[in-house]
Colleague: 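What follows is a structure written as structure tokens; I'll ask about it next.
Throughout, protein chains are lettered first and strands after them, A, B, ... in sequence-line order, and every chain is numbered starting at 1. Heavy atoms only: backbone and side chains are in, while hydrogens, waters and symmetry mates are out.
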2 protein chains.
Amino acid sequence: MPVKKIGRSALEENNLLAAELKKLSQYRGILATNLMSSPGSGKTALLERTAELMKGTHKIGCLAGDVETDRDAERLRKAGIQAEAITTGGACHLEARMVKEPMLRMADDGLDFIFIENVGNLICPSSYELGESLRVVLLSTPEGHDKPKKYPKAFHKADLVIISKIDLVDILDFDLEAAVAEIKELNPGVLIFKTSAKSGEGLHQWVSYLEEIHREVLAEYYESQMDELA
Amino acid sequence: MPVKKIGRSALEENNLLAAELKKLSQYRGILATNLMSSPGSGKTALLERTAELMKGTHKIGCLAGDVETDRDAERLRKAGIQAEAITTGGACHLEARMVKEPMLRMADDGLDFIFIENVGNLICPSSYELGESLRVVLLSTPEGHDKPKKYPKAFHKADLVIISKIDLVDILDFDLEAAVAEIKELNPGVLIFKTSAKSGEGLHQWVSYLEEIHREVLAEYYESQMDELA
């Protein structure tokens, strides 16, 4: 019989809490999504456009992580999103314990979607689960097609990769085919969308994908409600 | 009398080693420069163009830090730079202990400049000195003018900020004036250059700046040689 391990690593503690938060949001019929990317890849712009397209049909919340400032949360509120800033004060990634309180508050607000906009960093955030049911990584075309293998963990663990700022692809030396091949090599089953918050390309595909996953979460939610009644 | 502190933090250890490496490179008449930025801001492209402009006049080495792959080192070697890859295998920044051995090797090679291309990350690398005499941060126009205050430490501690991909400024919503004002607010004395590896804009200013700082390092180097002879 293996000796019982006493104490857990910080990462194990994080992921246990994350699993609880995931259960909680699913139990409330909320789709929680963790958005990760380098600084300036367009996470906030994507959410602004998502809010426009979902206006009147879905209620959206966002936890906006940043080292300093609440600029993203402010932009998101202007776009009609219920947003809270999580300022890490130096830390390079969000952890489940930082997300917990605001997520619990939001879970009571009848939201359909909670987006967690992680700190702009393609490395550290990928190690920390935050309670998400969906993990999305953005790669913007100006960053270059050679980035996936240079930052493999983020791409390896993603459910969906969004190649953003696709409107710039023709004026940059971005090899779309090479980028897609590299992402697929790291993560064969991953979905890849191409979007532009500027031209609107790919945004309907993104929104309808979110709605589809949300329907699955809801189906499970209704099932659990039925089980409780039975 | 204060109690003597036993043991040092990892960061203190790092910075002590960095101070030694700095002395060593200066003692050899080498200008060591630490280049930091988000992924895909153009650190490698800047060095490729720097090598072209310095060809025949200066000898350049580069330590290219990456989480995975030696792609940057390979690109730099093709550009005529003596390059070594430092693959951190997951770590999100370079530390002085990772730089030490390759830097010592390079210091024996009669180089004028050693560039340390840090891991693409605008947060963690700024805490770790690597033995540089010059600390440069790149902000590429596609990342957006709002980034300095969101990632203040990197900009606060820089000697020089390079606004890269300046050729894209007119087709993006990048407010150059706002970016400059924000950088100056964080770091009033900092120099700011605007460059494009594509159009060549600002590259001569960058190279002549490097040459000027290198002359200062050399002057100190000659002085120390004279002191030794005296």
Colleague: Let me check something: any side-chain donor-acceptor pairs from residues 186-195 of chain A under 3.5 Å, sequence neighbours excluded? List them with distances.
Modeller:
from   : atom 1 : to     : atom 2 : distance (Å)
A:N187 : ND2    : A:F155 : O      : 2.9
A:N187 : ND2    : A:H156 : O      : 3.1
A:N187 : ND2    : A:A158 : O      : 2.8

Colleague: Do the side chain of B:K150 and the main chain of A:G120 share a donor and acceptor less than 3.5 angstrom apart?
Modeller: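 Not confirmed, B:K150 side chain does not pair with A:G120 backbone.
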Colleague: Is it the case that the side chain of A:E12 and the backbone of A:S9 share a donor-acceptor pair, with hydrogens and angles ignored and the cut-off at 3.5 Å?
Modeller: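 Here the side-chain-to-backbone pair exists.
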Colleague: Hey, which of B:T141, B:V119, B:D66, B:L122 has the most heavy atom pairs under 4.5 Å with chain A?
Modeller: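 Heavy-atom pairs under 4.5 Å are most numerous for B:D66.
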Colleague: Who are the ring-ring contact (aromatic ring centres under 6.0 Å, His included) partners of A:Y151, not counting sequence neighbours?
Modeller: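 With sequence neighbours excluded, A:Y151 shows a ring-ring contact (aromatic ring centres under 6.0 Å, His included) to no residue whatsoever.
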Colleague: Using a 3.5 Å distance criterion without hydrogens, assess whether the side chain of A:N121 forms a donor-acceptor pair with backbone atoms of A:I123.
Modeller: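 Present.
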Colleague: Between A:D70 (side chain only) and A:T87 (backbone N and O only), is there a donor and an acceptor less than 3.5 Å apart?
Modeller: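 Not confirmed, A:D70 side chain does not pair with A:T87 backbone.
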Colleague: Under a 3.5 Å distance rule, please check whether A:N118 uses its side chain to pair with a backbone N or O of A:P125 as donor and acceptor.
Modeller: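 Not a single qualifying donor-acceptor pair exists.
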Colleague: Mind checking which of residues 72-80 of chain B sit less than 4.5 Å from chain A, heavy atom to heavy atom?
Modeller: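 When heavy atoms of chain A are the reference, residues 72-80 of chain B contributes B:D72, B:R75 within the under-4.5 Å range.
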Colleague: Does a donor on one side chain and an acceptor on the other come within less than 3.5 Å for B:D109 and B:Q82?
Modeller: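 Present: a donor and an acceptor within the cut-off.
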Colleague: For A:K153, which atoms come within 4.5 Å of any heavy atom of chain B: side chain, backbone, both, or neither?
Modeller: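 A:K153 has no heavy atom closer than 4.5 Å to chain B.
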Colleague: Would you say B:D167 and B:S199 are linked by a side-chain donor-acceptor pair, where the criterion is simply a distance under 3.5 Å?
Modeller: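 Result is no, nothing qualifies.
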Colleague: Need one label for B:L168: side chain, backbone, both or neither, based on atoms under 4.5 Å from any heavy atom in chain A.
Modeller: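 When you check distances to chain A, only side chain atoms of B:L168 fall under 4.5 Å.
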Colleague: Can you name the residues of residues 35-56 of chain B that have some heavy atom under 4.5 Å away from a heavy atom in chain A?
Modeller: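 Within residues 35-56 of chain B, the residues that come under 4.5 Å of chain A (heavy atoms only) are B:S38, B:P39, B:G40.
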